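Remarks on the structure that follows.
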Amino acid sequence: TSGRWGKRWRMAWSVCNRTDNSCSGSWSTPVFFLSDLSLYYAKFSKAVEGVNLNPTFRSVGFASWLDQLGRIEYVSSEDAEKGEFFVPRVIESFTLKKKPRETKDRTFPEKSDGQAIALYLGLRLAPNGGVAIFCGRKSTAASICKKAVATIDRGIPLPLPQEFSDQPEIERLHYLHVQNLGPEAPASKSAVHGIFSHHGNTPHGIRLAVEHAMREGLVRFVVCTSTLAQGVNLPIRYLIVTTVYQGLEQIKVRDFHNLIGRAGRAGMHTEGSILFADPVVYDKRRIQGDKWRWEQVKKLLEPRNSEPCISTLLTVFDPIKSDDKKFFIDMEALEFARAYMRDPEEVSRRADGIVGQHGDKGFTREGVERQIASKINLISSIESFLLSHWDKDETALSEVDVVRLAEETLAFFLADEQKREHIRELFKLLARNISANITDPGRRRVYGRTLYGVRDAQSIEGWVQANYAQLAGAKNEMEIIDVAWPLLASHIHNGVFAKFDKPDVLKEIAQEWIEGKPFYNLMETIGKKKARLIWGTRYRAFQIDDVVDLCEGGFAYDGSLLIGALSEVVELVDQEEGGELVTSLHLLQKQLKYGLPTEAAIALYELGFPDRVVAQNVATTMNVAAEGKRKIAQMVKKRQDRIVSVLEKYPRYFQQRMNDLL
């Protein structure tokens with residue numbers, strides 16, 4: 001709007017907007033102005049590239065502990081090699097109180113313990129704003145909560161997060177933890193002090209309640225995994241990083257920037273800090289054998305290193321890799337798909353052959369079988385995708401339609417020309433298999449709704465044909481579980497389910513899950529049965545997080561998917577008499593999905609009380625029989641006084657959901 005460029009912009013705008021035929025000068029005049037506009041655009045267009053355009057200021061610091069007192073070294077967010085400033089004498093070790101009969105002194109934090117330093121920094125910073133400690137594993141988050149409780153019990157001379165949080169909300173969150181996980185769970189014990197966990201094995205209701213409390217500024221301290229980066233908009237002032245790994249894999253650059261984007265969230269804070277807690281990263285950045293950690297962090301901090309978008313479908317073309325990823329064995333996708341369609345056992349024998357011939361190069365049975373299972377799942381997913389489109393308009397899917405569906409996938413868009421042709425051929429191969437094996441259009445439509453591939457859908461139908469009389473004779477949902485358990489167990493692929501050393505106990509756990517028993521009761525049942533987890537060549541005791549994973553990851557996902565497929569196939573097998581059984585299967589599917597016993601509790605869960613304990617408590621208070629969701633919503637409004645009094649002991653998230661309903 002001012003200066004030479006602004007003047008030329010206004011002149012060009014006046015020429016381009018002239019509506020009459022009069023124009024002084026030659027026609028080259030407006031062309032000259034427009035060429036100036038292109039120069040103007042070229043001069044300033046880089047400003048909207050957005051790679052390093054941050055809506056809030058974020059500082060990046062590293063814990064350094066070379067002297068008696070540690071400090072934080074801040075570096076440039078654009079170039080980690082450029083130091084900006086440091087904050088001296090902020091990390092100090094304290095001698096903790098001894099327990100009875102202990103003689104050895106314990107200090108907190110220790111220089112070699114990055115997790116303890118992260119906890120220390122979090123406690124020091126909590127008075128200034130929300131703190132999140134990032135961990136690469138769910139088990140690490142639980143161990144930090146344990147460490148926090150153990151350290152606090154020994155009398156740490158630091159203020160605790162509860163002192164800067166809303167105390168009534170702390171008490172309500174602790175109550176919800178105890179009702180779900182029991183008083184002895186690490187997450188329950190740390191919740192008393194205002195330290196909360198947030199990861200994949202945190203029960204759904206607790207996770208939502210903690211997110212709401214953090215968002216509203218009611219609590220200030222959370223120990224989390226990458227679940228924090230997945231669509232959760234929290235006002236975190238400080239993100240403390242304990243590791244740059246997620247499990248065995250280094251975190252991706254794009255995932256890391258998604259994670260650190262939670263610190264200093266735009267519209268919530270004007271600035272944020274990312275702190276790397278392990279002093280080894282910064283203090284040994286110049287040492288030959290240890291500087292790889294520093295190089296990893298520098299790579300993560302540079303957004304231009306972000307990996308390109310990928311499609312899982314493209315991994316069907318990947319070779320089989322050794323466990324250390326140093327060796328590769330090509331496995332042509334089309335030939336693999338043909339072998340699978342001929343005989344799945346042939347594919348299993350391939351795994352045996354690879355391990356037998358190349359076991360000395362790091363190809364383990366578990367690793368090879370996992371990769372082959374992944375390829376089979378992808379092939380089944382393509383089959384399910386094709387089935388869902390097959391008879392949409394009562395017409396068979398032509399080869400042209402199959403190719404069009406293949407070309408509409410993200411995998412096709414990202415692939416090179418050779419892989420694009422392979423994708424087309426793979427889709428056509430699987431489509432021909434569907435056409436040859438499933439000739440009935442009605443059956444194809446039903447198979448498409450099961451969300452399974454051809455072989456799985458056919459095996460489910462075969463099982464229903466053989467066991468229909470028993471299934472139809474079941475008097476309630478528990479008896480259906482008894483009849484269908486062998487089929488159900490074969491389709492649950494959850495890791496904890498597979499490693500359970502007493503498979504016969506799993507059905508009892510599933511039934512108690514459906515009855516609505518809290519996680520700590522299920523843990524007690526596992527303890528009474530003396531069940532353990534197979535851990536490599538050894539066994540380990542169950543943790544409460546394993547029970548949550550088993551139920552919410554195994555029964556609620558894989559189990560409910562199978563029951564949904566059963567209901568579709570039953571309707572196909574007996575269209576006249578199967579209506580009542582289908583109704584029971586629909587109810588059982590929701591019972592497995594939510595872990596709730598009654599239709600009223602399920603309706604309340606779906607209406608906005610997504611916690612098993614809360615939904616059952618509200619349902620008991622309302623004292624209603626089985627009703628539809630709409631009627632339950634009307635009753636909630638009529639009996640709101642009683643429900644509000646019940647919700648007072650639960651976190652504010654559920655009170656907010658009640659307000660939304662009203």
Side-chain angles (χ1 to χ4, degrees), residues 247-249 310-387 402 406 409 411-412 415-416 418-438 447 451-460 462-463 486-487 489-495 497-499 503 534 536-537 558 562:
L248 298 176
E249 300 287 336
I310 61 171
S311 168
T312 306
L313 177 56
L314 283 176
T315 61
V316 76
F317 302 104
D318 288 350
I320 300 296
K321 304 171 186 175
S322 60
D323 288 5
D324 58 9
K325 298 183 180 177
K326 291 181 179 179
F327 298 96
F328 303 89
I329 297 174
D330 287 329
M331 187 169 285
E332 207 271 322
L334 294 175
E335 198 273 329
F336 179 86
R338 291 189 189 98
Y340 172 69
M341 289 185 293
R342 282 195 306 268
D343 181 12
E345 294 299 321
E346 181 183 336
V347 175
S348 299
R349 289 193 291 273
R350 291 188 178 204
D352 295 337
I354 290 172
V355 174
Q357 294 179 35
H358 306 286
D360 59 329
K361 296 182 177 67
F363 288 90
T364 63
R365 177 172 297 279
E366 183 181 359
V368 173
E369 287 181 347
R370 183 175 62 251
Q371 293 175 73
I372 287 179
S374 175
K375 290 179 182 291
I376 291 173
N377 287 337
L378 287 170
I379 289 171
S380 297
S381 297
I382 297 172
E383 289 178 331
S384 177
F385 176 67
L386 291 171
L387 282 166
V402 171
T409 61
F412 186 87
D416 57 34
Q418 183 182 15
K419 279 190 177 173
R420 285 183 175 184
E421 187 56 35
H422 288 334
I423 291 171
R424 292 189 191 99
E425 291 300 320
L426 180 59
F427 270 63
K428 288 192 286 186
L429 174 66
L430 297 176
R432 287 194 292 269
N433 181 56
I434 292 171
S435 183
N437 286 282
I438 314 170
Y447 282 10
L451 303 182
Y452 283 104
V454 172
R455 279 197 176 276
D456 284 332
Q458 287 177 325
S459 70
I460 291 170
W463 184 91
L487 182 68
S490 67
H491 284 79
I492 294 179
H493 307 297
N494 174 262
F497 190 96
K499 295 175 182 176
I534 301 169
T537 57
D558 292 333
L562 185 276

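Please read these numbers as outputs of a predicted model, since none were measured by experiment. All values below were derived from every heavy atom in this structure, side-chain atoms included, with hydrogens, water molecules and symmetry-related copies excluded.
- Annotation: the span from Lys375 atom NZ to Ile320 atom CD1 amounts to 5.0 Å, rounded to 0.5 Å.
- Atoms OG1 and CG, from Thr315 and Leu378 in turn, are 4.5 Å apart once rounded to the nearest 0.5 Å.
- By the 6.0 Å contact criterion, CD on Gln418 is open, its count of non-hydrogen atoms from other residues, nucleotides or ligands being 12 or less.
- Considering only heavy atoms from C-beta on, His491 comes within 4.5 Å of Ile460 through its side chain.
- Between the side chain of Ser381 and the backbone N or O of Asn377 there is at least one donor-acceptor pair closer than 3.5 Å.
- For the pair Lys428 and Glu425, the salt-bridge criterion is met [side-chain N within less than 4.0 Å of a carboxylate O].
- The two atoms that bring Ala406 and Phe412 nearest to each other are O-CB, 3.3 Å, heavy atoms only.
- Using a 4.5 Å cut-off on side-chain heavy atoms (C-beta onward), Leu387 and Val454 make contact.
- Around the CD atom of Glu366, the shell of radius 6.0 Å holds no more than 12 heavy atoms that belong to other residues, nucleotides or ligands.
- For the pair Phe336/Val316, no side-chain contact is recorded, criterion being any heavy-atom separation below 4.5 Å from C-beta on.
- Between Ile354 and Phe363, the shortest heavy-atom contact is CG2-CD2, 4.0 Å.
- Between Lys419 and Asp416 the shortest heavy-atom distance is N-OD1, 2.8 Å.
- Proximity of Phe327 to His358: side-chain heavy atoms (C-beta onward) are nowhere separated by under 4.5 Å.
- Taking 4.0 Å as the cut-off between side-chain N and carboxylate O, Asp324 and Lys361 do not count as a salt-bridged pair.
- A 4.5 Å side-chain heavy-atom check between Met341 and Ile379 finds every atom pair outside the cut-off.
- In this structure, Thr364 OG1 and Asp323 CG are separated by 3.5 Å, a value rounded to the nearest 0.5 Å.
- Side chain of Gln371 to main chain of Lys321: a donor-acceptor pair is present (N/O by atom type, distance under 3.5 Å, no hydrogens or angles).
- Interatomic distance, Leu451 CG to Asp456 CG, rounded to the nearest 0.5 Å: 11.5 Å.
- Looking at Phe497 and Asp558, their side chains never come closer than 4.5 Å, going by heavy atoms from C-beta outward.
- At a threshold of 4.5 Å between non-hydrogen side-chain atoms, the residues Asn433 and Glu383 count as touching.
- Under the 3.5 Å distance criterion, the side-chain polar atoms of Ser380 are matched with a main-chain donor or acceptor of Ile376.
- The nearest pair of heavy atoms linking Ala457 to Tyr452 is N-CB, 4.2 Å.
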(Q) Apply salt bridge (Lys or Arg N to Asp or Glu O under 4.0 Å) to residues Glu335 and Arg338 and explain how you reach the verdict. (A) CA-CA 5 Å; Glu335 198 273 329; Arg338 291 189 189 98; over 6 Å; no
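- Here the side chains of Val402 and Arg432 are not in contact, with every heavy-atom distance at 4.5 Å or above.
- To the nearest 0.5 Å, the span separating CG on Leu426 from CG on Leu313 amounts to 7.5 Å.
- The shortest non-hydrogen separation linking Val347 to Ala339 is CG2-C, 4.2 Å.
- Between Asp330 atom CG and Asp318 atom CG the span is 10.0 Å, to the nearest 0.5 Å.
- Salt bridge status for Glu346 with Arg350: present, with a side-chain N to carboxylate O gap under 4.0 Å.
- Nearest heavy-atom pair, Leu386 versus Ala431, reported as atom, atom and distance to 0.1 Å: CD1-N, 3.9 Å.
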